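Take a look at the structure set out below.
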Amino acid sequence: MPRKRKLVPDSDDKGQNSRISKTPTVEHQDGKGDACFAVSKYFGDEKMKPFRLGPDFFNQPCIGLAKSFLGQILVRKLPDGRELRGRIVETEAYLGGEDEASHSANGKRTGRNVAMFMPAGTMYVYQIYGIYFCLNISSQGEGAAVLLRSLEPLQGLDTMRHLRNLRRKEKGKALKDWELCNGPSKLCQALAINKSFDRRDLASDGEAWLERGPDVLTAQAVVAAARIGINYAGEWARKPLRFYIKGNKCVSVVDKAVEREAL
DNA sequence: AGAGGGATCTTCT
DNA sequence: GAAGATCCCTCTC
């Protein structure tokens with residue numbers, strides 16, 4: 001008997017349109033390198049085999065790409081063959097040129113940010129505060145890119161937890177599943193993404209790629225809010241260029257005011 | 001639940 | 001020399 005897949009939230013969902021909103025149903029074991037097994041387990045049916053997203057997906061305007069990322073699945077293949085998977089639940093659009101919050105504001109092009117000017121689908125990984133990394137994907141548009149802010153962990157949670165704990169104190173509180181990738185630098189830690197990925201192509205890379213997720217999101221399932229940590233950017237700091245899946249537990253910052261307004 | 005501060009170092013001025 | 005698209009721990013209410 002084929003498993004039924006829910007594509008659109010039920011009407012009584014009350015905004016809890018996500019898999020980890022209340023009760024996590026994610027896999028809790030590592031995929032030990034057997035990709036086919038792990039994938040078929042999550043996707044269930046043969047006809048819906050994971051579909052790797054290619055150049056056409058990435059080659060779209062920045063805001064559209066930022067929204068299109070939601071629900072898609074980021075995959076990281078480690079050197080030992082293990083595959084880690086997370087569903088993208090929060091992104092930010094950085095438009096380049098006019099966008100004062102963008103590293104490429106006013107056309108600024110430096111050694112650090114050249115990846116933002118490379119073809120759509122190029123990864124831009126930069127180090128922040130000397131210790132953390134953030135992952136962006138370049139989009140259509142000069143100097144434009146999308147920051148990935150959080151993932152809902154799906155596969156390889158034990159490995160993610162181990163990678164995240166490398167930097168934490170022994171005495172610290174144990175990480176919940178939903179805390180593994182709920183921030184731009186947390187997801188880089190959990191997926192072992194560092195500067196070596198900078199300027200590489202997410203559409204063709206062998207160690208990181210994107211798969212089409214099973215869910216189709218309705219417009220009401222997506223919240224558009226102000227971006228985080230860019231208060232220096234004046235009016236651009238307030239523009240609704242952050243997008244997240246409403247009700248998802250793994251979103252790093254929830255904007256209650258915006259969500260109220262949407263009703 | 002929220003505020004505050006330290007860590008830590010590359011990048012660009 | 002200063003700032004930064006963050007995270008985590010500690011303290012307080």
Side-chain angles (χ1 to χ4, degrees), chain A residues 62-63 65-67 69-70 74 86 88-117 122-139 141 143-151 153 160-199 223-244 249-257 259:
Chain A
C62 193
I63 292 176
L65 182 61
K67 294 178 187 171
F69 270 132
L70 298 177
L74 181 65
I88 298 171
V89 299
E90 183 183 5
T91 63
E92 283 179 359
Y94 286 88
L95 308 185
E98 50 174 358
D99 183 355
E100 291 294 331
S102 175
H103 289 172
S104 55
N106 305 308
K108 189 169 82 167
R109 186 176 182 149
T110 65
R112 178 177 69 156
N113 73 358
V114 285
M116 299 183 86
F117 295 86
T122 304
M123 290 182 265
Y124 167 42
V125 179
Y126 69 92
Q127 197 172 20
I128 185 171
Y129 300 109
I131 25 190
Y132 301 113
F133 294 102
C134 291
L135 169 64
N136 301 250
I137 320 294
S138 72
S139 71
V146 176
L147 170 71
L148 300 189
R149 279 196 63 89
S150 25
L151 309 177
M160 292 180 188
R161 185 170 283 104
H162 174 252
L163 287 166
R164 290 271 284 112
N165 281 333
L166 293 178
R167 282 183 177 276
R168 295 160 50 88
K169 282 191 178 175
E170 296 275 334
K171 291 281 185 182
K173 270 198 310 188
L175 290 170
K176 306 287 189 185
D177 291 349
W178 57 269
E179 293 173 309
L180 292 171
C181 307
N182 66 336
S185 296
K186 294 178 186 177
L187 75 87
C188 286
Q189 268 177 29
L191 299 198
I193 289 170
N194 54 37
K195 193 80 181 159
S196 74
F197 284 84
D198 188 44
R199 307 180 196 181
V223 178
R227 293 172 292 181
I228 302 297
I230 51 154
N231 292 329
Y232 57 85
E235 59 174 315
W236 281 91
R238 294 186 290 276
K239 293 188 184 291
L241 293 174
R242 183 167 65 98
F243 305 99
Y244 64 85
K249 181 92 172 167
C250 303
V251 170
S252 65
V253 180
V254 171
D255 193 324
K256 289 177 187 168
E259 292 188 24

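From a predicted model like this one, the values you see are computed outputs, not experimental measurements. Letters A, B, ... are given to chains in the order of the sequence lines, protein chains preceding strands, and every chain is numbered from 1.
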Protein N or O to nucleotides 3-5 of chain B N or O, pairs below 3.5 Å:
none

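Between A:Lys108 and B:dC12 there is no side-chain N or O to OP1 or OP2 distance below 4.0 Å. For A:Arg227 and C:dA5, the shortest distance from a side-chain N or O to OP1 or OP2 is not below 4.0 Å. An OP1 or OP2 oxygen of B:dT8 is reached within less than 4.0 angstrom by no side-chain nitrogen or oxygen of A:Arg167. Dashed line: the shortest gap from a side-chain N or O of A:Arg149 to OP1 or OP2 of C:dT6 is under 4.0 Å. Contact check, A:Tyr124 against C:dA5: no side-chain N or O comes under 4.0 Å of OP1 or OP2.
Using a 4.0 Å heavy-atom cutoff across all strands shown, A:Arg109 reaches no nucleic acid atom at all.
Atom NZ in A:Lys173 sits roughly 15 Å away from atom P in C:dC11 (whole-Å rounding). Taking atom CG of residue A:Leu187 and atom P of nucleotide C:dT6, one finds them 12 Å apart after rounding to whole Å. Here the P atom of nucleotide B:dA7 and the CZ atom of A:Arg168 are 18 Å apart, to the nearest Å. Atoms OH (A:Tyr129) and P (C:dC7) sit 10 Å apart, rounded to a whole Å.
When A:Leu187, A:Leu151, A:Val146 are each tested for a side chain to side chain contact (heavy atoms under 4.5 Å, CB included) with A:Ile88, only one passes: A:Leu151. Here the options are A:Asp99, A:Val253, A:Leu147, the test is side chain to side chain contact (heavy atoms under 4.5 Å, CB included), and the partner is A:Arg227; only A:Asp99 passes.
The side chain of A:Pro184 has C:dC7 as its nearest neighbour among C:dC7, B:dT11, C:dA5.
The nucleotide B:dG6 finds its pairing partner in C:dC7, both defining distances of the Watson-Crick or G-U wobble pair being shorter than 3.5 Å.
Map A:Lys195 and A:Ile131 each onto its nearest nucleotide of DNA chain B; the residue landing nearer the 5' end is A:Ile131.
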